[in-house]
Amino acid sequence: MRVFSLMILLGGGLVSTAHADEARDWLNRSAKAEAQSFQGTFVYERNGNFSTHGIWHQADADGSVRERLLQLDGPAQEVLRVNGQPQCVSSGLVDQMGDAQLPASMLDPLRLADEYDLQVIGRSRIAGRDAVVLAVVPHDQHRYAVELYLDEQTSLPLKSLLISEKGQLLERFQYVSLDTLSALPDESLRPGEACKPVTLTKVSEPVKPSWQAGWVPPGFALNQSLQRKSPASADTVACLVYGDGLARFSVFIEPLHGVSVEDARSQLGPTAVISRRMSTADGDAMITVVGEIPLGTAERVALSMQEVQVSAAE
């Protein structure tokens, strides 16, 4: 199995860099691959649970991208996104989408080389299509390894495996069919009645953060600073989004106003969730870190959170 190859790399490190340049080239191509239209069906595995999804992805000549995802087994959950931002989602998912922007691709090949070793480790065949297999192996224990199968013809990701530092499979994404040649029917991008509109808060300029992380793993940087309404109160919740070009996590800060809330820590597949109560000059606040990073890393970030000191001149 290819996973075994990646486990060897995790255990002993990469012994050859002969294919590193080729791997970077493939990642650059993959980062641009969504600028083409396609449709297909993929399976998603997380925490031992499988689900099947249809995808219709239309890229127009002006650079705009319209994408619809529909779960094909169990509840008919669906999401319609335009240029990476959700326009409607099925009931029950609306609160999860919030008002944060969702980029079409989280991959930033230019930033990966400092914190990951990149390697071409072979060829394979996925959904009837030839694929090149890449290993993206972190230099430290604060992020996960990825085994990525890219379509040799289009550079689209046909399969990805997220692997823990212990070699455990955390998450699988894999196409079972992919069509990059047929025109998308108009109705394929038309959401169902259960897809409820999402209102996004448009911010003309970034929100200046009032909190900051005293520690983040090397390579992680603040990508976004947002504010959103709390789903449980009239308060505003601060949201800081950090990323390293592949992995990302979010930190939410919500005032408690004397409400008693217990600390919590959990992990579902690759997603860690840490909630810790913290005392501030204005009363206690709940700090919650959510992301596809190891649990210990998320906890260290949560413990490091601090309010930004405002100078008298400001």
Trainee: Using modelled atom types and a 3.5 Å cut-off, is there a donor and acceptor pairing between side-chain atoms of Glu307 and backbone atoms of Thr280?
Mentor: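 Side chain of Glu307 to backbone of Thr280: no pair is present.
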
Trainee: Kindly give the heavy-atom pair with the smallest separation between Ser250 and Cys239, and that separation in Å.
Mentor: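 Scanning both residues, the minimum pair turns out to be CB-SG, 4.3 Å.
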
Trainee: Hey, what do you get for CZ (Phe50) to CZ (Arg172), rounding to the nearest 0.5 Å?
Mentor: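 Taking CZ in Phe50 and CZ in Arg172, the distance rounds to 6.0 Å.
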
Trainee: Is a donor from one side chain sitting under 3.5 angstrom from an acceptor on the other, for His139 and Glu115?
Mentor: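 No.
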
Trainee: Keeping the roles fixed (side chain from His142, backbone from Pro218), state whether a donor-acceptor pair exists under 3.5 Å.
Mentor: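 The answer is no, because no donor-acceptor pair under 3.5 Å joins these two groups.
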
Trainee: Please check if Leu80 and Trp56 belong to a single hydrophobic cluster, counting links between Ile, Leu, Val, Met, Phe, Trp and Tyr side chain heavy atoms closer than 4.5 Å.
Mentor: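 The answer is no; the residues belong to distinct hydrophobic clusters.
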
Trainee: What are the two closest non-hydrogen atoms of Leu162 and Pro270, and how far apart are they?
Mentor: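 Heavy atoms only, the tightest pair is CD2-CB, 3.4 Å.
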
Trainee: For the pair Leu161 and Lys159, evaluate side-chain contact (heavy atoms from CB on, under 4.5 Å) and give the outcome as yes or no after the intermediate values.
Mentor: CA-CA 7 Å; Leu161 305 174; Lys159 174 181 174 179; 3.9 Å; yes

Trainee: Are Val301 and Tyr144 grouped together when hydrophobic residues (ILVMFWY) are joined by side-chain heavy atoms under 4.5 angstrom apart?
Mentor: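 No, separate clusters.
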
Trainee: Asn28 side chain to Arg24 main-chain N or O, any donor-acceptor pair under 3.5 Å?
Mentor: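 Yes; judged by distance alone, with no hydrogens or angles, the pair exists.
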
Trainee: Quick one: side chain to side chain contact (heavy atoms under 4.5 Å, CB included) partners of Arg276, sequence neighbours excluded?
Mentor: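 Scan of Arg276 (side chain to side chain contact (heavy atoms under 4.5 Å, CB included), adjacent residues dropped) gives Asp263, Ile274, Glu299, Ala302, Leu303.
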
Trainee: Taking atom CD of Glu187 as the centre, does the number of heavy atoms from other residues, nucleotides or ligands within less than 6.0 Å exceed 12?
Mentor: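 Count over threshold, so yes.
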
Trainee: If you look at every heavy atom in Gln267 and Leu295, which pair is closest and at what distance?
Mentor: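 Reported closest heavy-atom pair: OE1-CB, 3.4 Å.
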
Trainee: CG of Asp25 to CG of Leu118: how many Å apart, nearest 0.5 Å?
Mentor: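 Those atoms lie 11.5 Å apart.
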
Trainee: Return yes if a side-chain donor-acceptor contact under 3.5 Å exists between Ser64 and Asp62, otherwise no.
Mentor: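 Checked: Ser64/Asp62 side chains pair up, N/O donor to acceptor below 3.5 Å.
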
Trainee: Would you check if the side chain of Gln85 reaches a backbone N or O of Val82 as a donor-acceptor pair within less than 3.5 Å?
Mentor: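 No, the answer is negative, given that no donor and acceptor are paired below the 3.5 Å cut-off.
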
Trainee: Any side-chain heavy atom of Met286 sitting closer than 4.5 Å to one from Val259?
Mentor: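 The answer is no; the side chains never approach within 4.5 Å.
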
Trainee: Stepwise, does the side-chain contact (heavy atoms from CB on, under 4.5 Å) test hold for Gln58 with Leu189?
Mentor: CA-CA 8 Å; Gln58 180 172 295; Leu189 291 163; 3.3 Å; yes

Trainee: Is the backbone of Gly192 close enough, under 3.5 Å, to the side chain of Glu78 for a donor and an acceptor to pair up by distance?
Mentor: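 It does hold such a pair.
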
Trainee: Report yes if the side chains of Asp244 and Val216 come closer than 4.5 Å at any heavy-atom pair, otherwise no.
Mentor: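 Of all side-chain heavy-atom pairs linking Val216 with Asp244, none is under 4.5 Å.
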
Trainee: Please evaluate residues Arg248 and Glu292 with respect to the criterion side-chain contact (heavy atoms from CB on, under 4.5 Å), reporting the C-alpha separation (whole Å), side-chain torsions for both, the decisive distance (0.1 Å), and the verdict.
Mentor: CA-CA 7 Å; Arg248 77 168 185 169; Glu292 293 192 343; over 6 Å; no

Trainee: Is Asp114 salt-bridged to Arg111, cutoff N-O under 4.0 Å?
Mentor: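 Looking at Arg111 together with Asp114, the answer is no, because their closest N to O distance does not fall below 4.0 Å.
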
Trainee: Output all residues satisfying salt bridge (Lys or Arg N to Asp or Glu O under 4.0 Å) with Asp284, sequence neighbours left out; order by chain, then residue number.
Mentor: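 So Asp284 forms a salt bridge (Lys or Arg N to Asp or Glu O under 4.0 Å) with Arg277.
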
Trainee: Checking side chain to side chain donor-acceptor pair (under 3.5 Å) between His57 and each of Glu67, Arg66, Gln39, Glu34, which is the one that passes?
Mentor: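 Only one of Glu67, Arg66, Gln39, Glu34 forms a side chain to side chain donor-acceptor pair (under 3.5 Å) with His57, namely Glu67.
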
Trainee: Counting C-beta onward and ignoring hydrogens, is there a side-chain heavy-atom pair between Arg129 and Leu178 closer than 4.5 Å?
Mentor: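 Arg129 reaches Leu178 side chain to side chain.
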
Trainee: Output the distance between atom CD (Gln87) and atom CZ (Arg68), rounded to the nearest 0.5 Å.
Mentor: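 One finds 14.5 Å between CD of Gln87 and CZ of Arg68.
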
Trainee: Parallel, tilted or perpendicular, judged at 30° and 60°: which one describes the rings of Tyr175 and Phe38?
Mentor: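 Ring orientation of Tyr175 relative to Phe38: perpendicular.
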
Trainee: Out of curiosity, does Val237 fall in the hydrophobic cluster containing Leu222 (side-chain heavy atoms, cut-off under 4.5 Å, transitive links)?
Mentor: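 The answer is no; the residues belong to distinct hydrophobic clusters.
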
Trainee: Within this structure, what is the CG-OG distance for the pair Leu150 and Ser30, rounded to the nearest 0.5 Å?
Mentor: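 The OG atom of Ser30 is 4.5 Å from CG of Leu150, to the nearest 0.5 Å.
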
Trainee: Could you report the tightest heavy-atom contact between Trp211 and Leu240, atom names first, then the distance?
Mentor: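 Looks like O-CD1, 3.4 Å.
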
Trainee: Go through Tyr242 and Phe249 one step at a time and tell me if the ring pair (Phe, Tyr, Trp, His ring centres under 6.0 Å) criterion holds.
Mentor: CA-CA 5 Å; Tyr242 293 86; Phe249 62 85; 5.2 Å; yes

Trainee: Counting only heavy atoms not in Asp73, do more than 12 fall under 6.0 Å of its CG?
Mentor: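 Count over threshold, so yes.
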
Trainee: Is there a side-chain contact between Gln119 and Val137 (heavy atoms, below 4.5 Å)?
Mentor: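 No. Closest side-chain heavy atoms not under 4.5 Å.
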
Trainee: Between CG of Asp179 and OG1 of Thr41, what distance do you get to the nearest 0.5 Å?
Mentor: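 Here the interatomic distance stands at 10.5 Å.
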
Trainee: With rounding to the nearest 0.5 angstrom, report the CZ to CD distance, Arg123 to Glu152.
Mentor: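 Result: 5.0 Å between the selected atoms.
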
Trainee: If you group Ile, Leu, Val, Met, Phe, Trp and Tyr whenever their side-chain heavy atoms sit less than 4.5 Å apart, what else falls in with Leu181?
Mentor: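 So far as hydrophobic clustering goes, Leu181 is joined with none.
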
Trainee: Please report the C-alpha distance between Val273 and Val289 in whole Å, then the side-chain angles of each, then the deciding distance to 0.1 Å, and finally whether the side-chain contact (heavy atoms from CB on, under 4.5 Å) criterion is met.
Mentor: CA-CA 6 Å; Val273 181; Val289 179; over 6 Å; no

Trainee: Do Ile163 and Leu169 make a side-chain contact, defined as non-hydrogen atoms from C-beta onward lying under 4.5 Å apart?
Mentor: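 Heavy-atom side-chain distance check passes, below 4.5 Å.
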
Trainee: Looking at Asp130 and Arg125, would you say the former's side chain and the latter's main chain have a donor-acceptor pair under 3.5 Å?
Mentor: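 Side chain of Asp130 to backbone of Arg125: no pair is present.
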
Trainee: Does any non-hydrogen side-chain atom of Pro255 lie less than 4.5 Å from one of Asp282?
Mentor: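 No, too far: nothing below the 4.5 Å cut-off.
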
Trainee: Could you pull out the closest heavy-atom pair between Ser304 and Trp215, with the gap in Å?
Mentor: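 Closest approach of Ser304 to Trp215: OG-N, 3.1 Å.
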
Trainee: Would you say Leu170 ends up clustered with Leu134 if hydrophobic residues are merged whenever their side chains have heavy atoms under 4.5 Å apart, either directly or through other cluster members?
Mentor: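 Yes; Leu170 is reachable from Leu134 via cluster members.
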
Trainee: Hydrophobic clusters here meaning ILVMFWY residues chained together by side-chain heavy-atom distances under 4.5 Å, can you tell me if Ile293 and Ile253 are in one?
Mentor: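 Cluster IDs for Ile293 and Ile253 match.
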
Trainee: Provide the closest heavy-atom pair for Val89 versus Pro86 in the form atom of the first, atom of the second, distance.
Mentor: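 It is CG1-CB, 4.4 Å.
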
Trainee: So, Thr288 versus Ser275: side-chain donor-acceptor pair below 3.5 Å or not?
Mentor: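 Distance-only check passes for Thr288 and Ser275.
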
